[in-house]
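Here the structure comes first, spelled out in C-alpha cells, and everything after it is commentary.
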Amino acid sequence: MPNTNRSKSEAVSLSAPQKLDVVVVGAGVSGLYALYKIREAGLSVRAFDEGGDIGGTWWWTRYPGARVDFPGGPFYCYTFSEELVREFDWPETQPDQATVLRYMNFVADRLDLRRDVQLNTRVSLVEWDAAAQRWNVETSHGERFIAQFVICGTGPLSARNSPAIPGLESFAGQCIHTGAWPQEKVVFEGKRVGIIGTGSSGIQAIPLLAAEAEHLTVFQRTPQYAIPAGNRPLDPEIKRHARENWSMVRDQMLESIVGSPAPTSTRSIFEDTEEERREVFEKRWQMGGQGIAFYTYCDLLIDKAANNMLAEFVRDKIREIVRNPEVAKSLLPDYDIACKRLVLGTDYYETFNRDNVRLVDLRDNPIESITPTSVRTRHGQHPIDILVLATGYDAISGSLTRLNPRGRDGLALATKWGNRISTYLGISTHGLPNLFFLNGPQTPGVLWNMPMAAELETQWIVDCIAYMREHQIGAVEPSADAEKAWVDEVHSIADKTLFPKTDSWFTGANIPGKPKQFLVHLNGPEYFKKLTKVASEKYSGFIFERRRP
Ligand code: NA7
C-alpha cells in the first residue's frame, strides 16, 4: 500500500533493529504471494501493510459495485496450486470485491501467511546501506529492520489521487475516496450525493448510489465507454473444466495477451461486412465483459478505423439507451475505445434516465470550488450531503515513488523517476540495488492477470536470490544500458498500438506533473519469456557486486 518517507512531524522512538532476509511492502495480491514464496525458500521475511487487514487494494476499495474488471473474470486468481483452485468456489463471472477479499483471506489462512504479516503499519523509510549491502527499513511504529532485499508489492492502483480542488478540505459532510472506502456501511438513503469521476470506480458505483440516494449529481470530466459487465452466476461446466484441466488452462493463460484462458481473436474486422460486425459486437454486448474489445477482432487496438467501428457501435448504444438527447450527447466519448481502461458497468447509461440523477458536464461547466455544503461549478451550485471522490490513482508508479526508497548515494526513487520512469524488466531499477517490484511499471501488470504475474515475477526474484547466495554475491542491480534498452522496448511495443495516443492513467496523464510515458508492457507472453531468458543467461543486463565479508 502507499507509503511515504518519514516526516519530521511523525517523530517516533526507534527500536533496536531486527534482521530479516527480506522485507515485503504490501500484503495485497502481490505482497502475499511474495511472502509465501520467500518463506518457502527458507528465508526470513515479514510483510507490512498500512491496511487493517490483508488484501491490499481489495481491502481498501470496498465501494458499492466494486468488481473484477479483468477479461478473464474469475481467472483473476493464483494459479500455482491446483488444491487452491479446487477448494475455492468462484460464484460469478465478474467477482465482486467481497468475494475477492474472501478469496484472499482463504489463501492467507490456507498458507498460514498471517503470522508474518504486520498490519496497520506503514513502511516509512527504506534506505540502502552500501557498506553493509543491506536496506535499513523503518515503520510508522518506530520499528527498525535490516534486510538484504526489499520487495515492493505496493500495488499499481493504490496511491490515491485526491484532486486539488479549492475548498475541498472545507466540505462539512462525509467525503469519501473510492480507494479508501469506510469499513462500516455508508448510508446514502435520504442524502444528496455528489460523485466526481467517471472511471471504472465511478461507473461501478453510480447506479448503486443512484438507487439508494435521494439525489445523485455526477460530475463528469471525460465520458467513458462503459460495456455491460454481464455479471452472472459462473457456469458449473466452466468450473469443472478448469479444475479438471488446470495445467492446460494455466498454459493457455500464460500464452494469452490478456492473461485469460479464452483465446483472443486473430480475425481482422475488415474481413467482415458491416452487418457481420454489428452482429459480432451485438452478441458480445449482450454477453457483457471486456470480450467485445479483446475477443472479437485482432485489429481494434492497432488500427484507428477499426477502433472507430467499435467506438461508434458503443456510441450508438448510448444514444439508444439515454432518453434525453442532451444528456446522451454529454456521455459520448470521442477517443479511441479501450485505450483508457475499458470500463465494465451495470445499467450505467440507464441510470441517467432516472429522475433523481443529474449529469454535470465539466467540460463546459468546470468545478470552481467546494464549499462546506456544495460543489460550485462555473454555472451553478450543487448542494451535496456526501461527496464521493472516484478520482483514481497515481497509477503503476505512484505507490513506489510515495514509498520513495533511497538507494546508492542517497538516490531517491521519486527523484530518479521525476522526468522518466525507468526499470529493467519492470522488476528493478539502476541505482537501487536488491530492490524488486511486483506488477511494477513496464510489466504487463494492469493489462494482464495480476495474481499470475505476481507468481511469475516472484519466482524470478526467488531464483535470482538463490543464484546470488550460491555465487557469494551481495548486491544486484541492472545496468543503466540494460534499463534504457528495456524502456525503449516497452515504448516501441506500445507505439505499434493505439494505446499511447490516448491520455489515461496508463500514460501518467491523469496526474499533473507526472512524466508522460506509456507504463505497461503490452505483450505478457513475450515478457515472461524474456524473464526466463535473462535468468538462463545468468542474469544478463544485471551488475553483481561480490558479498562483503
Ligand atoms: P480512473 O480510471 O483514473 O478515473 C478517475 C476519474 O476521475 C476520471 O473520470 C477522471 O477524469 C476523474 N477526475 C480525476 N480528477 C478529477 C478532477 N480534478 N476533476 C474532475 N474529475 C476528475 O480511476 P478509477 O478509480 O475509476 O479506476 C482505476 C482503476 O482501478 C480501474 O481501471 C480498475 O482497474 C480499478 P479524466 O478522465 O481524468 O478527465
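Counting starts at 1 for both ligands and their atoms, following the listed order. If you're wondering where the values come from, they're calculated on a predicted model, not measured in any experiment.
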Under the criterion ring pair (Phe, Tyr, Trp, His ring centres under 6.0 Å), I'd like the reasoning laid out for Trp448 against Phe528: C-alpha separation, chi angles, the key distance, then a yes or no. CA-CA 11 Å; Trp448 210 69; Phe528 293 108; 4.8 Å; yes

One finds that the ligand 1 atoms under 4.0 Å from a non-hydrogen atom of Gly197 are 6 (C), 7 (O), 9 (O), 12 (C)

Side chain to side chain donor-acceptor pair (under 3.5 Å), paired with Ser397, selected from Arg402, Lys514, Gln442: Lys514

Excluding sequence neighbours, so at least two apart, what forms side-chain contact (heavy atoms from CB on, under 4.5 Å) with Pro366? Arg378

Any heavy atom of Lys340 under 4.0 Å from ligand 1? The part involved is side chain

Options Ser201, Ser504, Gly199, Ser158, ranked by nearest heavy atom to atom 24 (P) of ligand 1, top entry: Ser201

Judging by distance only, is a nitrogen or oxygen of Ser200 under 3.5 angstrom from one on ligand 1? yes

Between Leu342, Asp503, Ile196, Val360, flag the one that comes closest to atom 21 (N) of ligand 1 by a heavy atom. Ile196

Among protein heavy atoms, which sits nearest to atom 18 (N) of ligand 1, and what does the distance come to when rounded to 0.1 Å? Pro163 CB, 3.3 Å

If we ignore angles and hydrogens, is there a donor and acceptor under 3.5 Å between the side chains of Glu455 and Tyr78? no

Check: of Ala395, Gly392, Ala390, min heavy-atom distance to atom 6 (C) of ligand 1 comes from Ala390

Going by atom types only, do Ser30 and Asn439 share a side-chain donor-acceptor pair under 3.5 Å? yes

Should you measure from each heavy atom of Leu362, which atoms of ligand 1 turn up under 4.0 Å away? 20 (C)

Selected option - heavy-atom contact closest to atom 33 (C) of ligand 1, from Asp69, Val343, Ile511, Ile203: Asp69

For atom 28 (C) of ligand 1, what's the nearest protein heavy-atom neighbour? Residue, atom name and distance, please. Trp505 NE1, 3.8 Å

I want to check a possible cation-pi pair here: Arg62 against Trp59, using under 6.0 Å from ring centre and within 45° of the ring axis as the test. yes

Do the two ring centres, one from Phe80 and one from Tyr36, sit under 6.0 Å apart? yes

I need the contact type for Thr198 against ligand 1. Using non-hydrogen atoms and a strict under-4.0 Å cut-off, is it side chain, backbone, both or neither? both

Would you please determine whether Tyr393 falls within less than 4.0 Å of ligand 1 on a heavy-atom basis? yes

Within 45° cone of Trp58 ring axis and under 6.0 Å: Arg102 NZ or CZ: no

On the ring face of Phe506, is Lys340 found with NZ or CZ under 6.0 Å from the centre and within 45° of the axis? no

Which residue and heavy atom of the protein sit nearest atom 32 (O) of ligand 1, plus the separation: Arg341 CD, 2.7 Å

Test your reading of the structure: does Arg221 have an N or O sitting under 3.5 Å from an N or O of ligand 1? yes

Under a 3.5 Å cutoff, is there a donor and acceptor pairing between the side chains of Thr217 and Arg358? no

Counting from 1, what ligand 1 atoms have a heavy atom of Leu157 closer than 4.0 Å? 29 (C), 30 (O), 34 (O), 35 (C)

Atom 39 (O) of ligand 1: nearest protein contact (heavy atom, Å): Thr222 OG1, 2.4 Å

